[in-house]
Amino acid sequence: MPVSLLEYDTVPENYVFPPGERQKKVKASNKSIPVIDLAGQTHDEIVNQILEAGKHLGIFQVVNHGMGSNVMSEMMRVSKEFFNLPFDERAIHYSEDLYKPVRLFTSTGVHDIVHFWRDCLRMSIYPVEDFKQYWPENPSNLKDAVENYARGLRNLSTTVLGLVAEGLGLHQNYFDGDLSGEPMASHINFYPPCPDPSLTLGLGKHCDPGLITLLLQGNVSGLQILHNDEWIAVDPVPDAIVVNYGHQMEIVSNGMLKGVNHRAITNAEQSRMSIATFIQPSKEGLIAPAEALHSEKNQPIYKPFDYREYFGNYVANLGDKEKSAEPFLVKCA
């Protein structure tokens, strides 16, 4: 059973990263990250902006996306309330079982060489009817908040994937079914103030394994993406949802869209909360570059594979994008 990170007034040795992996001052801000208005411009403009963001950065933020501000703020509020519960009340959800629909863990919940400065409540959230029974009873209004958030986010994910498909020249429903068929799961991330942020990371460099990740940031900056070998801050925008492309989107688009490497940094002044929700293929789903994108000049980069096989390789390689993909690359003669 872990202790609360809030109990530490110095950074324990097993949380200290090697000097070359620690956070450094970034050279850019969220001015580099597109903010796409899903209601204030033409459909074609929206599709083009989503496609261009995917080609160059692998990430964007959306506003006027149909998720009510009250739904998002209530989800963030009950999440903070959960992590403000007495430690013993939270700890009943602690588990090392990776397959539990609700589990509390520290760092990544696997056997990390160096621990990340993060506590996390992982919850399977959609279909709601399949998982609501497992959600925490406290705070008392958590279940209602999660249900409203899950249903809204499901609608948003369908909208975004339809726009991406259209931008790629695919059928609007291309990503329906097995390509997005895994139950939706959220990571409610809590990053407490850190005694010495120069030594730690909230999460290390990784690319999410699925299609897209939808992130509610709160109002404290900490997310960074790697672009042209520089870390760029993705600062919060009021009422925005961050959308980042995962590795399967890069594979299905045959490299046209980029699965983005990213990380979370810590700070000494205040805690940070974020809620990441993952849209992934079903484990038995067959993944391959979309045939409609094949041409003489655009041959498939990846071989077809089962997502279960990829995901096992992803876990074994601790989220390393290149190592996770290596067995599935088409070898040149």
Side-chain angles (χ1 to χ4, degrees), residues 28-67 72 152-177 179-180 207-208 210-217 223-228 230 232-262 276-281 287-302 321:
S29 72
N30 70 321
K31 293 179 181 178
S32 305
I33 309 301
V35 178
I36 301 175
D37 188 338
L38 296 188
Q41 53 190 332
T42 69
H43 182 82
D44 287 348
E45 287 173 331
I46 294 169
V47 170
N48 182 66
Q49 289 173 18
I50 286 176
L51 192 68
E52 289 303 305
K55 287 179 178 179
H56 300 295
L57 291 172
I59 193 169
F60 54 95
Q61 304 200 56
V62 291
V63 295
N64 293 322
H65 42 61
M67 287 275 289
M72 294 185 290
L153 214 57
R154 183 63 177 184
N155 290 337
L156 178 57
S157 70
T158 301
T159 297
V160 170
L161 288 174
L163 293 167
V164 173
E166 189 175 342
L168 290 171
L170 305 172
H171 189 276
Q172 187 178 28
N173 298 327
Y174 185 85
F175 292 106
D176 291 358
L179 281 177
S180 59
C207 178
D208 293 337
L211 278 177
I212 58 173
T213 301
L214 306 175
L215 182 76
L216 181 60
Q217 280 220 81
L223 174 64
Q224 297 179 344
I225 66 164
L226 187 63
H227 181 65
N228 293 335
E230 291 184 0
I232 300 175
V234 186
D235 292 326
V237 172
D239 290 335
I241 296 287
V242 179
V243 181
N244 69 265
Y245 290 125
H247 203 177
Q248 301 315 299
M249 185 64 78
E250 181 168 329
I251 292 169
V252 171
S253 69
N254 204 38
M256 183 183 300
L257 305 179
K258 306 303 179 187
V260 62
N261 280 313
H262 55 286
T277 302
F278 306 99
I279 310 300
Q280 303 187 78
I287 311 299
E291 290 186 12
L293 303 180
H294 298 180
S295 68
E296 185 175 343
K297 294 183 179 180
N298 189 36
Q299 294 295 315
I301 302 171
Y302 303 93
K321 182 179 173 183

Check whether any side-chain heavy atom of [X] lies under 4.5 Å from a side-chain heavy atom of [Y], and answer yes or no.
| X | Y | result |
| --- | --- | --- |
| Ile33 | Ile225 | yes |
| Ile59 | His262 | no |
| Val260 | Leu226 | no |
| Ile212 | Phe175 | no |
| Ile279 | Thr213 | no |

What distance separates [X] [atom1] from [Y] [atom2], expressed to the nearest 0.5 Å?
| X | Y | atom1 | atom2 | value |
| --- | --- | --- | --- | --- |
| Leu214 | Arg154 | CG | CZ | 10.5 Å |
| Ile36 | Ile46 | CD1 | CD1 | 8.5 Å |
| Leu51 | Leu257 | CG | CG | 6.0 Å |

TODO: Taking atom types as modelled, find out whether Gln49 and Gln41 have a side-chain donor-acceptor pair closer than 3.5 angstrom.
DONE: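 Judged by distance alone, the side chains do pair up.
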
Task: Pairs flagged by side-chain hydrogen bond (donor to acceptor under 3.5 Å, both in side chains) wherever residues 239-257 is involved - sequence neighbours left out - done: Ser69-Asp239, Asp208-Asn244, His247-Tyr310, Glu250-Lys321, Asn254-Asn298

- [ ] Write out all pairs satisfying side-chain hydrogen bond (donor to acceptor under 3.5 Å, both in side chains) with one or both partners inside residues 163-176, taking only residues at least two apart or from two chains.
- [x]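 The answer is His43-Glu166.
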
Open item on the list: Apply side-chain contact (heavy atoms from CB on, under 4.5 Å) to residues Ile287 and Leu179 and explain how you reach the verdict.
Closed with: CA-CA 7 Å; Ile287 311 299; Leu179 281 177; 3.6 Å; yes

Open item on the list: Applying salt bridge (Lys or Arg N to Asp or Glu O under 4.0 Å), can you list everything that pairs with Glu45, at least two apart in sequence or on another chain?
Closed with: none

Heavy-atom pair with the smallest gap, counting every atom of [X] and [Y]:
| X | Y | answer |
| --- | --- | --- |
| Ser180 | Leu161 | CB-CD1, 4.2 Å |
| Met256 | Leu168 | SD-CD2, 3.4 Å |
| Thr277 | Leu153 | OG1-CD2, 3.2 Å |
| Ala240 | Val63 | CB-CG1, 3.8 Å |
| Cys207 | Gly246 | SG-C, 4.2 Å |
| Val234 | Gln217 | O-NE2, 2.8 Å |

- [ ] If a pair satisfies salt bridge (Lys or Arg N to Asp or Glu O under 4.0 Å) and one of its residues is in residues 52-66, list it, with sequence neighbours excluded.
- [x]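 Sorted pair list: Glu52-Lys55.
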
TODO: With sequence neighbours excluded, tell me which residues meet ring pair (Phe, Tyr, Trp, His ring centres under 6.0 Å) with Phe278.
DONE: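 If we apply the ring pair (Phe, Tyr, Trp, His ring centres under 6.0 Å) test to Phe278, skipping adjacent residues, the hits are His187.
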
I'd like to check the side chain to side chain donor-acceptor pair (under 3.5 Å) partners of [X]; sequence neighbours left out, ordered by chain and number.
| X | result |
| --- | --- |
| Ser157 | none |
| Asn64 | Asp37 |
| His65 | none |

